[in-house]
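Encoded as structure tokens, the structure appears first; notes follow it.
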Amino acid sequence: MNYRDTLNLPKTDFPMRANLSNREPGFIENWEKEKIYDKIRQSSKGKDVFVLHDGPPYANGNIHMGHALNKVLKDIIVKMKNMQGHDAPYIPGWDCHGLPIEHEVVKKLGKKAKEKTQDEIRKMCREYAAKFVELQKQDFKRLGVFADYDNPYLTMSHVYEAGIVKVFGELFKKGYIYKGLKPIHWCGNCKTALAEAEIEYNDSHVSPSIYVKFPIKNRDNEYILIWTTTPWTLPANVAVALHPDFEYVYLENNGEKYVVAKELSDGILKDTGLDLKIGSNVNTKELEDTSLEHPFIKDRDIKIIFGNHVTLEMGTGAVHTAPGHGQEDYVAGLKYNLPILSPVNDRAVFTSEAGEWEGMHVFKANESIMEKMTENGSLLYSSEYTHSYPKCWRCKKDVIFRATPQWFMQVEKDGLKEKAMTAIKDVKWVPSWGEVRMNNMLENRPDWCLSRQRAWGVPIPAFTCEKCGETYMTAESVDLFAEIVQEYGVDIWFTKDAKELLPKNAKCSKCGGEEFSKEKDILDVWFDSGVSHFCVLNERGISEIANIYLEGSDQYRGWFQSSLWPSVAIKSKPPYKEVITHGFMLDENGRAMSKSQGNVIPPMNIINKYGADILRLWVVSENYQDNIKLGDNLLKQVADAYKKIRFTLRFLMSNLYDYDNVKDRVAYQDFDDLCRWAVSRLAGVKEQVITDYNSYTFHKVFQKIHLFCVVDLSNFYLDIIKDCLYSDAKDSQKRRMHQTVLYDILVALTHLLAPILTFTCEEVYKVFFDEQGSVHTGVFPDFAEYEINEELNSDFEIISSMKEDVYRAIEQAKNNGIVGNNLESSVIVGTDEKEKIEVLKKYEDKLNEYVIVSGYSLTDTTTDDYYVAPNNFKIKVNKATGEKCERCWIFYDSVGTHDEHPTLCDRCYNVVVNDYS
RNA sequence: GGGACUGUAGCUCAGUCGGUAGAGCACUGUGCUGAUAACGCAGGGGUCACAAGUUCAAUCCUUGUCAGUCCCA
């Protein structure tokens, strides 16, 4: 008789090899067919609503690892909330307007772009965005992300566009919206505004380099010396900036004294070659209340201001400030309430405000202005300077900074900034330092410039009076436009005349004119996405605000803020209860991933090589709150951990092939100590894992489950019970008891891991539990009767440490030729630690099973020939007595006593005789 | 240059309310061949980024430096 056939060896159809990359698409197909998202919605109906609101990715290009990381994290949260008895919907969104798409479309058109109307270009942008929404959607599905893909939110949909206009209108009515001047990059040749992305840099641009004297009022022969490379901006000068902390000295020159930064004085001497003497220190505080004269404009009072933007890299430490012609100057100007002068028209030609230079192109005026200052003696020195200067991407001509009318949202009005800063204290920031970071950003935030001079976006519904040029926008006109957009989309702004978009009887408030033209500005796309909580959560009746926003840490400046301002202004509270951020993708060496570095890994490469579940497991294998590394070695490690989990699940299933959870289940009160311990550990792991899920520390979920699989299960419990599972009678109470435990562990792992290993857990569920159902409509198991038994836990820790020591002793015994393997051994164990021996005595008759040896006994009296092991147990290893049972491989004295089956022990004999004859 | 974060074994992470550190994986060796392209066991491996300060004592506190990352200028 072949006794092997009488064993209950594991059986399962669950494949060892996951073959994820090939098999995952099948699951996705199935989920689509079964409408898994709708099913989950149905099974969650009526439960507590929990909303993770999706920050819309930009509908341009294929997804990268940053998207994958972000979406998987969101998906894990949504799934684990659904599995904890919440109703957690997930509406995916896409950011569809904006320059990058317009840029791509125009670039593709090339020279033909000029022949196209704005309306035609917008149509192409819309198609372009729609295409990438579909592409990205497929990729997100491939990642196993569950979402309402049939009803996503697109910022270019008519409903959403109408929502944007409505929110803009609300803010306008509350008085937050105003029109002001702001310097922007401007190409005088193309007569157009340029965004940062439309600018190229010429590294070897040659500019004039001039030192100019600004006389200090009421101080004879004292000047502040400034340095600049743009003489043409001097007519717009209104201030000179000094650094509050730098030391300043006088440079003396034939009776004249020039204030400059001490550290730069040597550089100035070298640069100019002038024979200047470095004189005494200047108390700049005393200068605070005085002002300067302009070098060539009479009657202009030039303020002295202080700012940290002044550097010691170049110049004199005194910065010529023209808020109409420079970003930093503009910001400083806002702080000091300086006028914004910009006497330059759209062709970069001086206007009448520039006096004698009217009609002259600004670059040509440089020379003339320098001549003027040479004449009146205010130009100390001039030369040339080579540096990097911006030029237009289209015509390659040099660009200028020019103040233009722009639309703003006021952040100081009605204490909005203070309200926002207070509001964020009620938000839970994960990690907690997010609050500090946000707070610092809000504090220094200037008014939000909402307008862009572009085609692809939501128009700012403003009109200009044809007669007097006054801007026309009223509560009524904004409301009317929102209504029109609701029906036709914003494209109508570009196709209809002003008359058709204005309220009847619209009259200019200034001159009473009735003829208007449409303004051409569109809204900043950050406004589009910033109002998503209105346009999605409110408009769809999902919730007033979101439970969670989860994005990369760059969004403190971006979406978290663009969402916060309108929300606090209108709802008087933040749009989110919790804000979670994740770090950025780095390569294996901790370097940022970038095209230029060539270390970018597309998510599809990982999915095709390893599968989405491996990618998902990678997401939770590291702490995403910090930066997160990616590379082949890391993926290999994750793949190994995956295998361990998969094999554990498979082993559980394979030993349950003959188990029926209804018929064969053994009640908890009939469990032995080992099983009580096992379910105590299970209950502990379950509790910890749920805690870790709810604090969004997913890497701890992963580590705890992995550790449970490796240490508690694989190395200990499963190893011990194999003997019972295989060799005991199929129907024995003991075997059924262990199977009951295995079953519950399987249920627990399958569900607790489902938010992470979305595909694999579904595979387990369909193979083992219910081919028609889905693990994702289930909930985390409860196991109310399984208590965390601290006494058992600590007892088994002692048993475990004893087992370690015994194995060390057996290793030695093997080396000494006493035994060949563990089951050949019979061990005697003692220790000086009485408490430990007392614990062991409680389990004395089970310890041979737990240690997996043929003989085990405890002793109070150890002798010198005992091996003293690191955990302080003393052990003697002998060769087991009796013979090896052919069936169960354990050494028993009873082997040979049964004539019918001379190679079997008592237990196996009985099983074979009862069940197999 | 400013704001924020990170730096513990090859890797991913724990940890110490201040008393010179732990786990899993990987690695090496080994057993088994009834989880078998599996499974078990044993072993090696860290001046806790660097420097100074506080302290009887610092990886943990303070300051600075270096490296990496995000945002801003």
Side-chain angles (χ1 to χ4, degrees), chain A residues 3-12 14 16-17 243 307-313 327-328 331 431-441 443-445 552-558 561 581-593 618 620-623 625-629 631 633-641 643-644 646-655 697 699-700 702-711 713-716 718-720 722-723 725-727 803-812 814-815 819-824 852 869-870 887-889:
Chain A
Y3 294 123
R4 195 176 186 276
D5 297 336
T6 69
L7 291 166
N8 315 307
L9 292 181
K11 258 185 248 173
T12 179
F14 189 84
M16 200 153 181
R17 298 264 295 171
H243 196 286
N308 291 321
H309 65 285
V310 177
T311 69
L312 294 171
E313 272 166 41
Q327 182 57 30
E328 284 184 336
V331 174
S432 57
W433 49 255
E435 186 181 333
V436 178
R437 186 161 171 176
M438 194 59 162
N439 190 69
N440 292 351
M441 282 184 174
E443 206 167 13
N444 299 314
R445 155 112 219 187
S553 58
D554 54 337
Q555 297 304 328
Y556 287 107
R557 161 104 355 211
Q561 252 198 81
T581 56
H582 56 78
F584 277 74
M585 302 291 317
L586 306 177
D587 69 13
E588 241 162 4
N589 304 313
R591 301 273 164 182
M593 282 197 181
W618 162 79
V620 298
S621 73
E622 296 178 57
N623 181 358
Q625 292 177 10
D626 196 357
N627 288 329
I628 177 161
K629 290 189 213 167
N633 291 322
L634 285 156
L635 285 166
K636 256 185 82 186
Q637 187 178 330
V638 170
D640 282 344
K643 274 191 208 161
K644 186 72 202 185
R646 182 178 181 88
F647 293 153
T648 302
L649 293 168
R650 182 171 181 270
F651 183 76
L652 296 174
M653 283 184 275
S654 68
N655 282 291
T697 45
H699 66 289
K700 292 186 180 174
F702 165 71
Q703 294 216 334
K704 275 165 194 163
I705 289 183
H706 186 239
L707 206 62
F708 181 61
C709 287
V710 172
V711 177
L713 296 181
S714 213
N715 297 0
F716 196 76
L718 299 181
D719 203 27
I720 291 168
K722 274 181 212 166
D723 172 64
L725 291 171
Y726 299 169
S727 306
K803 188 174 173 178
E804 261 180 23
D805 275 359
V806 169
Y807 282 145
R808 288 183 180 119
I810 291 176
E811 282 297 306
Q812 287 208 333
K814 280 182 194 166
N815 290 338
V819 294
N821 64 57
N822 291 15
L823 279 176
E824 254 181 63
I852 317 180
R887 186 167 172 274
C888 72
W889 298 343

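None of the values given here were measured: they were computed from a predicted structure. Letters A, B, ... are given to chains in the order of the sequence lines, protein chains preceding strands, and every chain is numbered from 1.
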Considering only side-chain heavy atoms of [X], which listed nucleotide, [options], is closest?
X        : options             : result
A:Glu804 : B:A42, B:A4, B:A35  : B:A42
A:Arg557 : B:C71, B:A35, B:A4  : B:C71
A:Phe651 : B:A35, B:G31, B:C11 : B:A35
A:Asn627 : B:A35, B:U69, B:G31 : B:U69
A:Glu328 : B:C41, B:A73, B:U12 : B:A73
A:Ser727 : B:A42, B:G34, B:C5  : B:G34
A:Leu634 : B:A35, B:C11, B:C71 : B:C11
A:Ser553 : B:G34, B:G24, B:C70 : B:C70
A:Asp640 : B:G34, B:A26, B:A35 : B:A26

Rounded interatomic separation in angstrom, taking [atom1] from [X] and [atom2] from [N]:
X        : N     : atom1 : atom2 : value
A:Ile705 : B:C25 : CD1   : C1'   : 16 Å
A:Arg445 : B:C71 : CZ    : P     : 16 Å
A:Lys722 : B:U33 : NZ    : P     : 12 Å
A:Asp626 : B:U8  : CG    : C1'   : 14 Å
A:Lys814 : B:C32 : NZ    : C1'   : 9 Å
A:Gln327 : B:G2  : CD    : P     : 20 Å
A:Leu7   : B:G34 : CG    : P     : 10 Å
A:Asp554 : B:C5  : CG    : C1'   : 14 Å

Which comes earlier along RNA chain B counting from the 5' end, the contact point of A:Pro870 or that of A:Val436, where each point is its nearest nucleotide?
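Closest to the 5' end, via its nearest nucleotide, is A:Val436.
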
5'-most by nearest nucleotide on RNA chain B - A:Ser654 or A:Asp719:
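Result of the comparison: A:Ser654.
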
[X] side chain to [Y] main-chain N or O, any donor-acceptor pair under 3.5 Å?
X        : Y        : value
A:Glu824 : A:Gly820 : yes
A:Asp587 : A:Met593 : no
A:Asn8   : A:Leu725 : yes

Quiz question: going by heavy-atom distance under 3.5 Å, is there a donor-acceptor pair between the base of [N] and the side chain of [X]?
X        : N     : value
A:Arg437 : B:C5  : no
A:Ser714 : B:A35 : yes
A:Lys636 : B:A26 : no
A:Gln703 : B:C13 : no

Side-chain N,O ([X]) to OP1/OP2 ([N]) below 4.0 Å:
X        : N     : result
A:Lys629 : B:U12 : yes
A:Lys644 : B:G40 : yes
A:Asn715 : B:C41 : yes
A:Arg808 : B:G43 : yes
A:His699 : B:A14 : yes
A:Asn623 : B:C13 : no
A:Tyr726 : B:A35 : yes
A:Arg650 : B:A35 : no

Is A:Trp889 stacked on the base of B:G34 when the test is centres under 5.5 angstrom and planes under 30 degrees?
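Here the ring of A:Trp889 and the base of B:G34 are stacked, with centres under 5.5 Å and planes under 30°.
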
For nucleotides [N] and [M], find the distance between their [atom1] atoms and express it as a whole number of Å.
N     : M     : atom1 : value
B:G10 : B:U47 : P     : 8 Å
B:C61 : B:C17 : P     : 11 Å
B:C25 : B:A38 : P     : 15 Å
B:C66 : B:A52 : C1'   : 14 Å

Spacing of [atom1] belonging to [X] relative to [atom2] belonging to [Y], to within rounding of 0.5 Å:
X        : Y        : atom1 : atom2 : result
A:Ile810 : A:Leu823 : CD1   : CG    : 9.0 Å
A:Leu634 : A:Ile628 : CG    : CD1   : 9.0 Å
A:Phe647 : A:Phe14  : CZ    : CZ    : 10.0 Å

Within the 4.5 Å heavy-atom criterion, are A:Leu649 and A:Arg646 side-chain neighbours or not?
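A:Leu649 does not reach A:Arg646 side chain to side chain.
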
State whether a side-chain donor-acceptor pair under 3.5 Å links A:Arg887 with A:Ser727.
no

Who is the Watson-Crick or G-U wobble partner of [N], with both distances under 3.5 Å?
N     : answer
B:C50 : B:G64
B:G44 : none
B:G24 : B:C11
B:A58 : none

